[in-house]
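Okay, structure first, notes after.
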Amino acid sequence: MGARTLAVVTDNTQQSPEANGPHSATPADLPTQYTPADVEGKLYERWVERGYFEADAKSEKPPYTIVIPPPNVTGSLHLGHAFQHTLMDALTRRKRMQGYEALWLPGMDHAGIATQNKVEQQLGEEGRSRQDLGREAFVERVWRWKEEYGGKILGQMRRLGDGVDWSRERFTMDEGLSRAVQTVFKKMYDDGLIYRAERIINWCPRCLTAISDIEVEYQEDDGELVQLKYGEDGDGAGTVVVATTRAETMLGDTAVAVHPDDERYRHLIGKRIKLPLTDRTIPVVADSHVDPGFGTGCVKVTPAHDPNDFEIGRRHDLPLLTVMDERGVITAHGPFQGLDRFEARSAIVAALREQGRVLEEKRPYVHSVGHCSRCGTTIEPRLSMQWWVKVTPLAEAAGDAVRDGRVKIHPAEMSSRYFDWVDNMHDWTISRQLWWGHRIPVWYGPEGEVVCVGPDEEPPAGEGWRQDPDVLDTWFSSGLWPFSTLGWPDRTPDLEKFYATDVLVTGYDIIFFWVARMMMFGMYVMEEPPFHTIALTGLVRDEHGKKMSKSFGNVVDPLDWMDAYGSDALRFTLASGANPGTDVPIGEDWVKASRNFANKVWNATRFALMNGATVAGPLPDPAEMAATDRWILSRLNEVVAEVDGYYEDYQFAKLSDALRHFAWDEVFDWYVELSKTTFAKGGRPAEVTRRVLGEVLDVTLRLLHPVVPFVTEELWTTLTGGESVVVAGWPADSGFRDADAEREIATVQQAVTEVRRFRADQGLQPGQKVPADLDLAGTALMAHEDAIRQLLRLQPAGEGFQATASLPVAGATVSLDLSGAIDVEAERKRLTKDLAAAEKELAQTGAKLTNEAFLAKAPEHVVEKIRGRKAAAEADIARLQQQLERLG
RNA sequence: GGGCGCAUAGCUCAGCGGUAGAGCGCCUGCCUUACAAGCAGGAUGUCACUGGUUCGAUCCCAGUUGUGCCCACCA
């Protein structure tokens, strides 16, 4: 029977809501292989042109909002982005289909240090520095850079299929967002939550700026712990030995500290000793911070170059002696002046060694050293005046919002990480000595006045007034992102409609940097959490679970895989690996497998179209359907419910898995195969199956669409004639279930599989027709004889039929004429093996059922189940023994 | 130094009190007119180790070993 004759469906009078008149897709419309490149770009542009992703603040529909974690303007798409974007896109696409006013808001972060470094590097290649240009020209240059090279990632997002609302794209340095920054700064300043203080901060001598604690990355570095003898033998106080890994700071020592209870040094407390290489004497102070058990129990104290020493200095009123400049060059007078800190370190140790003051060296001494997260330079603790945010009250509110359930963290186990942070947060250094960023809105007057200026206020004018030269930490503006992007501080329709956002999808690695700060600002500014749910994702790793890094050489450009296998394949693979909060390994073979799945869906739909599958008209009455139709519809509705459940739980791996198995193992491998017999026979049953097959594919494509938007769009529009699956409705569980049909088909599957196994064991060619006599009377298989014959390539038992093999399957008997001797040994082997398994099962279940304790204490349904298993094992054994006997 | 997590098939991971699962890989046979990016069949696990709780433990508890991550002011 030709496909053309089967494709004609004309008797339906009712159109489905999506249908655009009589629909006449033909298999010719679809090539035999899915080629992503042919459709992806075209479809994306169509979606954008039609405005599907543009949200309407005036809509009556309930809102669903996700703001994108703004990628750095310097960034390009990596697998981590592709991963998170896939999840966010799937969430918003589904909600859009469900009838929500879905907004996924895109944008970028100006990424202060990163961007400034990039442009400085570019200048460097021209032999110039930012100082050569001057501040204004430099910032101008950064803007030009941003226009020219920045935002590469936005184009890449289109490749991925991100359904973002481009009309609402934002940038943290936009006029509007800058106004939000200034407004918040002013408010916090007025509330006493922002203050200026001179403290030890983390200083990057290369970037020449302060950075916050979390921007410091600690590494185990090789160092040298040297023990230095301070003081003079002849002196009254004598000598003490201190240990240090940073000998160069000794030039700035202003004390030696010992523990107050340390008997060894009690006599020294209050005395002064000579500081080597200088003409100074320094006091010995008692401070309980000192651990008497470490080293000699004596600590050199350098209040201007070490945070602990700074605290000790404060407690003992020690002078702060700065001996290095902002580039880490020694400024103290003497032979070391002008040396870089590392040169100075060896020079000073050498000089002290010459004086016999270096007692003992431990080398290598591995210890934890802080590095700038942006450039890797060793951090220099540095005394300086900076702006700070007083975080305690903000962090408390941020913690409470999660504690009292207003914000849920997924998976819940990750909450501890969040609490650890917000409950122990130190004040936040927000000023940066950079030029690219939001300038601190504070003016200093000639008389020492300090004025914080709001966005609608004029800065003080006149002689001697100048603005603070520093800019704000990038995370200050990104912390405002969930509301600044919606127009705050204005009470915009967007803000009214779309705040608070629904879910924040981001990596667990960014909880401290970003999540906690958005929570703090959201609670403080909006008095409402910025999102209802925080869905934390893991990191993308390579196929062996190893971190992707340039040094390992295992970094993959997602665009390469999208080129080779399509965006859908990449997305499906990422979604399939997305178990909440866990890292996601990905390998090229897996992407290939996802591509194969897309192609399978493609071809199954082609088959359906060739055979006249349709979505037109209402579904036939179940009473009119064959068990196969009722079975697949029952399963379909179960899958709809299952997928919905997984979405609510952000279980992307589970829902992807469930859909793949349903589509491939059930719809394609069984329903479609069974439908071939129905179509071949024609008549009303074929019509019913055409409609059911259309329904099943329609719904399955909708269910798959959020994760694999391109192939589903192409197929769905072809199948249904609908405008776009993007704006089609999300399937709802109709409640239709048919347990009898499910059991019946399970029996068919079992029987068919059993005979197939026999055929394979007998070495029969898959296509080889075998005469067979089927005795199916009184079994669930009865209605499926034709399908069973078709699937198993069995032909009617004709003249001279000889039942050389007789298989009991599912209560029925299938007799085959193998035209000669069957392979007795192969069959005996198989049966013996099955028999052993059945006997083992019988022994196990039997043992349980004779166990009094089990019978007394196990719940009834468990006991019942074991009884069932025992009966099944007994039946299997009887059947297998009978077969073995027949073999002789 | 603290805290958290993980150890299940060759690889990557689900499962987490009642018969061990998936994807990829592997073996066998097939171009069966939707698909070889496919079809059919198959093999594979002392569920890290040692105890404990339980009628019953991969699953709960304790300890051991291995491994990963986060935090911390180890001079």
All N/O pairs under 3.5 Å across the protein-nucleotides 73-75 of chain B interface:
| residue | atom | partner | partner atom | Å |
| --- | --- | --- | --- | --- |
| C73(B) | O2' | Asn308(A) | ND2 | 2.1 |
| C73(B) | N1 | Asn308(A) | OD1 | 3.4 |
| C73(B) | O2 | Asn308(A) | OD1 | 2.9 |
| A75(B) | OP2 | Tyr365(A) | OH | 2.6 |
| A75(B) | N6 | Asp291(A) | O | 2.7 |
| A75(B) | N6 | Phe294(A) | O | 3.1 |
| A75(B) | N1 | Asp291(A) | N | 3.0 |

Dump the pairs, protein N or O against N or O of nucleotides 54-58 of chain B, anything under 3.5 Å, distances to one decimal.
| residue | atom | partner | partner atom | Å |
| --- | --- | --- | --- | --- |
| C55(B) | OP1 | Lys857(A) | NZ | 2.0 |
| C55(B) | O2' | Asn851(A) | ND2 | 3.1 |

So which protein N/O to nucleotides 35-41 of chain B N/O distances come out below 3.5 Å?
| residue | atom | partner | partner atom | Å |
| --- | --- | --- | --- | --- |
| C35(B) | O4' | Asn603(A) | OD1 | 3.1 |
| C35(B) | O4' | Asn603(A) | ND2 | 3.4 |
| C35(B) | O2' | Asn599(A) | ND2 | 3.4 |
| C35(B) | O2' | Asn603(A) | ND2 | 3.4 |
| C35(B) | O2 | Lys600(A) | NZ | 2.9 |
| C35(B) | N3 | Lys600(A) | NZ | 2.6 |
| A37(B) | O4' | Asn596(A) | OD1 | 2.8 |
| A37(B) | O2' | Asn599(A) | ND2 | 3.0 |
| A37(B) | N7 | Gln33(A) | NE2 | 2.7 |
| A37(B) | N6 | Gln33(A) | OE1 | 2.3 |
| A37(B) | N1 | Tyr34(A) | O | 3.4 |
| A37(B) | N3 | Arg595(A) | NE | 3.0 |
| G38(B) | OP1 | Asn596(A) | ND2 | 3.1 |
| G38(B) | O3' | Lys600(A) | NZ | 3.0 |
| C39(B) | OP1 | Lys600(A) | NZ | 2.8 |
| C39(B) | OP1 | Trp664(A) | NE1 | 2.7 |

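Residues in residues 562-584 of chain A take part in these ring-ring contact (aromatic ring centres under 6.0 Å, His included) pairs, two or more places apart or across chains: Phe572(A)-Phe597(A). Sequence neighbours left out, the pairs with a member in residues 293-310 of chain A that pass salt bridge (charged side-chain N to carboxylate O under 4.0 Å, His left out) are Asp253(A)-Lys300(A).
When heavy atoms are screened at a 4.0 angstrom cut-off, Glu543(A) is found touching the sugar-phosphate backbone but no base atom. Within the 4.0 angstrom heavy-atom criterion, base atoms lie near Phe668(A). As judged by a 4.0 angstrom heavy-atom cut-off over every strand, Arg660(A) is placed among residues touching the sugar-phosphate backbone only. No contact: Val301(A) has no heavy atom under 4.0 Å from any strand.
Taking atom P on both nucleotides, G15(B) is separated from A7(B) by 10 Å, rounded to a whole Å.
His316(A) and Asp287(A) are linked by a side-chain donor-acceptor pair at a separation below 3.5 angstrom, with hydrogens and angles left out of the test. Counted by atom type alone, Asp665(A) and Trp670(A) present zero donor-acceptor pairs between their side chains at under 3.5 Å. A donor-acceptor contact closer than 3.5 angstrom is absent between the side chains of Ser373(A) and Glu215(A). Residues Asp423(A) and Tyr418(A) bring no donor and acceptor atom of their side chains to less than 3.5 Å of each other.
With a cut-off of 3.5 Å on both pairing distances, the Watson-Crick or G-U wobble partner of A40(B) is U28(B). With both pairing distances under 3.5 Å, G23(B) is matched to C11(B) as a Watson-Crick or G-U wobble pair. Across all strands shown, C59(B) has no partner, as no Watson-Crick or G-U wobble contact with both distances under 3.5 Å is found. Checking C4(B) for Watson-Crick or G-U wobble geometry (two distances, each under 3.5 Å) identifies G68(B) as its partner. With a cut-off of 3.5 Å on both pairing distances, C16(B) has no Watson-Crick or G-U wobble partner at all.
Residues passing the salt bridge (charged side-chain N to carboxylate O under 4.0 Å, His left out) test with Lys229(A), sequence neighbours excluded: none.
When each of Gln844(A) and Phe607(A) is assigned the nucleotide of RNA chain B with its nearest heavy atom, Gln844(A) is the one assigned upstream, toward the 5' end.
In this structure, Lys676(A) satisfies the cation-pi test against Phe607(A), with its NZ or CZ atom closer than 6.0 Å to the six-membered ring centre and inside 45 degrees of the ring normal.
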